[in-house]
Amino acid sequence: MPSSLIETPRAERPAVIELRAVVPADLDEFFSHQLDPSANHMAAFAAKNPSDRGVFDHHWQTILNDPSVTVRTIVADGDVVGGIMAYRDGGVPEISYWIDTDRWGQGITTKAVGQFLEEFSERPIRARAVADNAGSIAILEKYGFTVVGEAQGFSNARGAVVRELELELR
């Protein structure tokens, strides 16, 4: 059989990534993603109690009602797999994203960050990542972010003070 007729299994094909406006049903997916302990550990700066749906809903209503925030749902092959946004911190936009751990390592976050940075063109833009989150740091550096500072803060998810890198794209 010619190789052009062999179907590549979905898991081996690059995912088709779409960024779209957040719809109310997406919040159920986002909430389930934030319940994963390994995601909370890697994000480090997560909610004090990630299982508190009331706090989650209030947080997301604040985000969605703020006209200065640009927020998108990340869809991979038709599935809601995460969210990505830019919000203002001290007047400077900052990018933040969260991806379902079942989809880590598939290039989805890398593609989503690239698409988001094309749509959201304001520069400089900053990002933060706990210093041991090598995957997120590598994605940001791929798009030209460089480390511009460090900070320390208490991580609810880790129950300890952690070192956070501050990155910027000019």
Side-chain angles (χ1 to χ4, degrees), residues 14-90 92-130 133-145 153 155-158 164-169:
V16 175
I17 306 303
E18 172 193 2
L19 301 183
R20 63 162 172 73
V22 176
V23 298
D26 296 341
L27 298 180
D28 291 334
E29 290 296 321
F30 294 174
F31 183 70
S32 71
H33 299 161
Q34 103 167 7
L35 293 176
D36 187 294
S38 58
N40 279 288
H41 179 84
M42 196 53 63
F45 298 99
K48 192 171 192 174
N49 178 3
S51 65
D52 187 330
R53 183 63 191 246
V55 170
F56 172 88
D57 287 341
H58 177 75
H59 174 72
W60 271 96
Q61 283 312 307
T62 301
I63 290 168
L64 294 173
N65 290 330
D66 186 338
S68 72
V69 176
T70 301
V71 61
R72 300 289 180 262
T73 295
I74 303 168
V75 178
D77 294 330
D79 298 325
V80 172
V81 299
I84 189 166
M85 72 179 79
Y87 62 93
R88 300 222 169 262
D89 184 19
V92 177
E94 186 168 314
I95 188 173
S96 179
Y97 42 87
W98 191 291
I99 304 293
D100 181 4
T101 56
D102 288 342
R103 304 307 290 267
W104 286 3
Q106 298 176 23
I108 293 169
T109 309
T110 302
K111 289 178 189 174
V113 168
Q115 287 180 20
F116 187 83
L117 290 171
E118 286 178 15
E119 175 187 345
F120 188 89
S121 58
E122 185 177 341
R123 303 294 184 267
I125 185 170
R126 293 191 182 140
R128 298 171 191 264
V130 68
N133 188 342
S136 191
I137 293 166
I139 290 167
L140 294 165
E141 288 177 336
K142 174 182 175 121
Y143 289 106
F145 282 81
S155 164
N156 289 321
R158 298 182 183 193
E164 185 178 40
L165 299 181
E166 298 169 349
L167 300 99
E168 185 174 87
L169 174 63

Counting the benzene-type ring for Trp, do Phe30 and Trp98 have ring centres under 6.0 Å apart?
no

Could you tell me whether a side-chain N or O of [X] sits under 3.5 Å from a main-chain N or O of [Y], the two making a donor and an acceptor?
X	Y	value
Asn65	Gln61	yes
Asp100	Asp102	yes
Asp89	Glu94	no
Asp26	Val23	yes
Ser32	Glu29	yes
Arg158	His41	yes
Asn40	Gln34	yes
Asp77	Val16	yes
Tyr87	Asp66	no
Lys111	Pro14	no

Looking at every heavy atom in both [X] and [Y], which two are closest together, and how far apart are they?
X	Y	result
Ala15	Ala76	CB-CB, 4.2 Å
Tyr97	Ile84	CB-CG1, 3.8 Å
Pro50	Leu35	O-CD2, 3.5 Å
Ile99	Trp104	O-NE1, 3.1 Å
Ala86	Ile125	CB-CD1, 4.4 Å
Ala127	Ile95	CB-CG2, 3.6 Å

Taken in chain and number order and not counting sequence neighbours, the residues that satisfy salt bridge (Lys or Arg N to Asp or Glu O under 4.0 Å) with Glu122 are Arg88

Sorted by chain and residue number, the salt bridge (Lys or Arg N to Asp or Glu O under 4.0 Å) partners of Glu166 (sequence neighbours excluded) come out as Arg128

Euclidean distance, [Y] [atom2] relative to [X] [atom1], rounded to 0.5 Å:
X	Y	atom1	atom2	value
Glu141	Ser136	CD	OG	10.0 Å
Asp52	Phe31	CG	CZ	7.5 Å
Ile137	Leu165	CD1	CG	4.5 Å

Report yes if some heavy atom in the side chain of [X] is under 4.5 Å from a heavy atom in the side chain of [Y]; otherwise report no.
X	Y	answer
Ile74	Ile108	yes
Ile17	Gln106	no
Ile139	Phe145	no
Gln115	Arg72	no
Leu117	Leu169	yes
Met85	Ile63	yes

Check: Between Phe120 and Phe116, what is the ring plane arrangement, given parallel below 30°, perpendicular above 60°, and tilted in between?
Finding: parallel

His33 and Thr101: CA distance, side-chain angles, deciding distance, side-chain contact (heavy atoms from CB on, under 4.5 Å) verdict:
CA-CA 7 Å; His33 299 161; Thr101 56; over 6 Å; no

With the threshold set at 4.0 Å, does a side-chain nitrogen-carboxylate oxygen contact exist between Arg123 and Glu168?
-> no

With sequence neighbours left out, the residues meeting side-chain contact (heavy atoms from CB on, under 4.5 Å) with Phe45 are Val162, Glu164

